[in-house]
Amino acid sequence: TTAALLAAASVLTLAGAASAQNAAPEPVGKGSLIVTVRMTGVLPQADDAIVTAAGADSGLKVDVGDDWMPTLGFTYFVADHWAVEAILGATQHEVRAKGGATDVAVHETWVLPPVVTLQYRPTPNATISPYVGAGVSYMAFFDGKDKNGFEVDLDDGFGVALQAGADWNLSGPWTLNLD
């Protein structure tokens, strides 16, 4: 699935580059804003124990499904080699209770996981421009629906975001990005 998504993104980006008629890449630096459309995967690693209302261990574990959605990224250069990036989008996830012969849906929810990072870009105008970043993310759950008689309580929360990637400056305003 990931390979198909990357291939689709590459085709769209290369089609746009062809229409730019091989213009030189636009330089970036302090004050530049880059807007990106991307596919983002939210791939939870939850396996917490499920407890009853009385606090007893049920013997079941949480399993949260993955989701891929189109998202928007906004990268603003605060200096020639330093940028702040915000990634915005929402994904939908099914929460299941698993253990032994049990595998049952207990909740479905949307999550808004905005991520803000400070990036260092050593060669922002090179043909291939790598970067690293660090920042914060916040998981805000909304529009949740309990299923199959379960009552699920999800807590919003902050997390650490680490980032590494590169832009391949194709032509004009067009780049291909891997993050």
Do [X] and [Y] belong to the same hydrophobic cluster, where Ile, Leu, Val, Met, Phe, Trp and Tyr are linked whenever their side-chain heavy atoms lie under 4.5 Å apart, directly or via other members?
{"X": "Val42", "Y": "Met39", "result": "no"}
{"X": "Leu154", "Y": "Phe158", "result": "no"}
{"X": "Ile34", "Y": "Val115", "result": "no"}
{"X": "Leu118", "Y": "Val132", "result": "yes"}
{"X": "Val37", "Y": "Leu176", "result": "no"}

Sub-4.5 Å side-chain heavy-atom contact between [X] and [Y]:
{"X": "Gln163", "Y": "Gln119", "answer": "yes"}
{"X": "Val111", "Y": "Met139", "answer": "yes"}
{"X": "Asn125", "Y": "Val28", "answer": "yes"}
{"X": "Phe150", "Y": "Val104", "answer": "yes"}

Any donor and acceptor pair, going by atom type alone, linking the side chain of [X] with main-chain N or O of [Y] inside 3.5 Å?
{"X": "Asp67", "Y": "Gln92", "answer": "yes"}
{"X": "Asp167", "Y": "Asn177", "answer": "no"}
{"X": "His93", "Y": "Thr109", "answer": "no"}
{"X": "Asn169", "Y": "Ala126", "answer": "yes"}
{"X": "Asp48", "Y": "Val62", "answer": "no"}
{"X": "His107", "Y": "Val95", "answer": "no"}
{"X": "Thr175", "Y": "Trp168", "answer": "no"}

Start with the C-alpha distance between Asp63 and Lys61, add both sets of side-chain angles, then the distance that settles salt bridge (Lys or Arg N to Asp or Glu O under 4.0 Å), and finish with yes or no. CA-CA 7 Å; Asp63 180 63; Lys61 300 268 187 188; over 6 Å; no

Taking all non-hydrogen atoms of both residues, which atom of [X] and which atom of [Y] are closest, and how far apart?
{"X": "Ser129", "Y": "Pro124", "answer": "OG-CA, 3.3 Å"}
{"X": "Gly89", "Y": "Pro113", "answer": "O-CD, 3.1 Å"}
{"X": "Pro44", "Y": "Gly65", "answer": "CD-O, 3.8 Å"}
{"X": "Pro122", "Y": "Pro130", "answer": "CD-O, 3.4 Å"}
{"X": "Ile128", "Y": "Ala166", "answer": "CG2-CB, 4.3 Å"}

Side chains of Asp179 and Tyr131: donor-acceptor distance under 3.5 Å anywhere? yes

Any donor-acceptor N or O pair under 3.5 Å, side chains Arg38, Thr40: no

Could you tell me the separation between the [atom1] atom of [X] and the [atom2] atom of [Y], rounded to the nearest 0.5 Å?
{"X": "Leu112", "Y": "Thr91", "atom1": "CG", "atom2": "OG1", "result": "8.5 Å"}
{"X": "Arg96", "Y": "Leu60", "atom1": "CZ", "atom2": "CG", "result": "12.0 Å"}
{"X": "Asp143", "Y": "Lys145", "atom1": "CG", "atom2": "NZ", "result": "4.0 Å"}
{"X": "Thr75", "Y": "Leu33", "atom1": "OG1", "atom2": "CG", "result": "7.5 Å"}

The test is ring pair (Phe, Tyr, Trp, His ring centres under 6.0 Å); show your working for Tyr120 and Trp82 and say whether it passes. CA-CA 5 Å; Tyr120 175 66; Trp82 293 92; 5.0 Å; yes

When the ring planes of Trp110 and Phe142 are compared, do they come out parallel, tilted or perpendicular, using 30° and 60° as the limits?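 Because their plane-to-plane angle is under 30°, the rings of Trp110 and Phe142 count as parallel.
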
Name the residue from Thr71, Leu88, Val136 that meets the side-chain contact (heavy atoms from CB on, under 4.5 Å) definition with Pro114.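 Result for side-chain contact (heavy atoms from CB on, under 4.5 Å) with Pro114: Leu88.
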
